[in-house]
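Once you've had a glance at the structure underneath, I'll fire off some questions.
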Amino acid sequence: MPIWGITIQNEPEAKQVWDSCLYTGEEERDFIKNHLGPSLEKHGHGDVKIIIWDHNRDVIFDRAQAVLSDPEAAKYVWGTGVHWYVSEEFENLSRVHHAFPDKHLIFTEGCIEGGPQPGEWHTGKRYGRNIIGDLNNHLEAWIDWNLVLNEEGGPNHVGNYCDAPVIMNTKKDEVHYNSSSYYIGHFSKFI
């Protein structure tokens, strides 16, 4: 499977019960410029895009500035990834864009927490509001976290069950399309 891009660490400021590793902006910067970037180039993978941050909008500017202000780190970085948890401070994406206009912005994760919520429209509304807010602030791509989950909102090895655009009831062999699926479908049809 070809790999087009990687992030340094999912949610580098979140100590979780699942796989996590805390990184400061300076640690992420130094890891990229002293290890990951040179190693990818040395082994013929210099075309793999490196995405920093991969966490929330609230402090995306501070993280981008810590890494991208260093030319030796920035030369390896394709762009900055963002999640939708904690805040809807969309303007922070514009701040990153204006400070580093040659770098890309990509949405790398979002889900509705708390397990499946079939028939609810607030889930789709959250997708629509976030996609519009992000695109209006220079975001270039949007990736959902879980497109399809089972009737429990998994599988998940730590019980962090979520909703998804599509819920597959494995016991009844049924597929349920949530409102978020229709919102994503509408945007995908035109963008």
Side-chain angles (χ1 to χ4, degrees), residues 1-14 16-23 27-56 60 63-64 67-68 73-85 93 96 102-113 116 127 130-131 134-135 138-170 173 175-178 180-191:
M1 174 181 290
I3 305 290
W4 71 268
I6 58 173
T7 66
I8 306 307
Q9 170 64 43
N10 180 56
E11 301 181 349
E13 284 191 349
Q16 303 288 3
V17 297
W18 53 83
D19 319 342
S20 64
C21 180
L22 301 177
Y23 268 94
E27 290 169 330
E28 187 172 17
R29 175 200 66 210
D30 293 346
F31 175 69
I32 293 165
K33 78 176 177 181
N34 298 326
H35 303 287
L36 182 61
S39 182
L40 286 173
E41 279 191 353
K42 178 181 176 184
H43 297 287
H45 301 291
D47 61 329
V48 173
K49 291 158 180 53
I50 296 175
I51 300 166
I52 62 167
W53 186 225
D54 201 17
H55 207 161
N56 298 320
I60 188 173
R63 180 56 65 111
V67 177
L68 299 177
K75 71 181 180 184
Y76 296 112
V77 177
W78 176 81
T80 305
V82 65
H83 298 182
W84 71 11
Y85 314 107
L93 300 177
V96 173
D102 61 323
K103 300 300 181 185
H104 304 273
L105 288 163
I106 181 173
F107 185 87
T108 52
E109 179 188 319
C111 77
I112 304 293
E113 300 165 295
Y127 275 74
N130 278 269
I131 291 170
D134 286 338
L135 292 175
H138 305 281
L139 192 90
E140 301 171 41
W142 208 92
I143 302 170
D144 198 353
W145 189 26
N146 300 295
L147 189 57
V148 180
L149 293 173
N150 69 16
E151 66 278 355
E152 294 176 337
N156 188 294
H157 69 290
V158 295
N160 180 32
Y161 299 114
C162 300
D163 195 23
V166 179
I167 297 294
M168 179 67 196
N169 188 321
T170 60
D173 198 28
V175 177
H176 175 79
Y177 296 93
N178 279 323
S180 52
S181 175
Y182 295 104
Y183 274 79
I184 291 170
H186 182 76
F187 284 101
S188 297
K189 184 175 181 180
F190 295 101
I191 299 175

Seminar exercise, completed: In terms of heavy-atom contacts, G79 and K103 come closest through CA-CB, 4.4 Å

Seminar exercise, completed: Hits for side-chain hydrogen bond (donor to acceptor under 3.5 Å, both in side chains) against R29, two or more places apart or cross-chain, chain-then-number order -> none

Seminar exercise, completed: When every non-hydrogen atom of E152 is compared with those of Y161, the smallest separation belongs to O-CB, 3.3 Å

Problem set entry | Any side-chain heavy-atom pair of L40 and I6 under 4.5 Å | yes

Problem set entry | Short side-chain donor-acceptor distance under 3.5 Å, T170 and N150 | no

Seminar exercise, completed: For L135 and I191, the nearest pair of non-hydrogen atoms, with its separation, is CD1-CD1, 3.7 Å

For this session: Go through the side-chain N and O atoms of H55 and E13 and say whether any donor and acceptor fall under 3.5 Å apart.
Result: no

Seminar exercise, completed: Distance col, row H176:NE2 vs I167:CD1, nearest 0.5 angstrom, shows 7.5 Å

Exercise. Should the heavy atoms of other residues, nucleotides or ligands under 6.0 Å from CG of D173 be counted, would the total exceed 12?
Worked result: no

For this session: Using the ring-ring contact (aromatic ring centres under 6.0 Å, His included) rule, pick out the option among F187, F107, Y183, W84 that qualifies with Y127.
Result: W84

Exercise. Excluding sequence neighbours, so at least two apart, what forms side-chain contact (heavy atoms from CB on, under 4.5 Å) with Q16?
Worked result: E11, A14, W18, S20

For this session: Using a 4.5 Å cut-off on heavy atoms from C-beta on, say whether the side chain of E27 contacts that of P12.
Result: no

For this session: Would you confirm whether Y85, through its side chain, and C111, through its main-chain N or O, come within 3.5 Å as a donor-acceptor pair?
Result: yes

Exercise. Is the closest side-chain heavy-atom distance between D144 and P165 below 4.5 Å?
Worked result: yes

Problem set entry | Nearest-0.5 Å distance that lies between atom CD1 in I106 and atom OG1 in T7 | 10.0 Å

For this session: Output the distance between atom CD1 (I8) and atom CG (D54), rounded to the nearest 0.5 Å.
Result: 9.5 Å

For this session: Look up atom CG in L36 and atom CD1 in I50, then write down how far apart they are to the nearest 0.5 Å.
Result: 4.0 Å

Exercise. Mind checking whether F190 and H186 have ring centres under 6.0 Å apart?
Worked result: yes

Exercise. Would you find a donor on one side and an acceptor on the other, under 3.5 Å apart, between the side chain of E28 and the backbone of W53?
Worked result: yes

Seminar exercise, completed: Smallest heavy-atom separation, L149 atom then D163 atom, equals CD1-O, 3.8 Å

Exercise. Any donor-acceptor pair under 3.5 Å linking the side chain of H35 with the backbone of D30?
Worked result: no

Exercise. Within the distance-only criterion (no hydrogens, no angle test), does the side chain of N169 pair as donor or acceptor with the backbone N or O of E151 below 3.5 angstrom?
Worked result: no

Seminar exercise, completed: Between N178 and A164, the two heavy atoms sitting closest are ND2-O, 2.7 Å

Exercise. If you measure from CD1 on I32 to CG on L68, what distance do you get to the nearest 0.5 Å?
Worked result: 8.0 Å

Exercise. Roughly how far, to the nearest 0.5 Å, is CG of N146 from CD1 of I112?
Worked result: 11.5 Å

For this session: State, yes or no, whether a side-chain contact exists between H83 and W145 at a heavy-atom distance under 4.5 Å.
Result: no

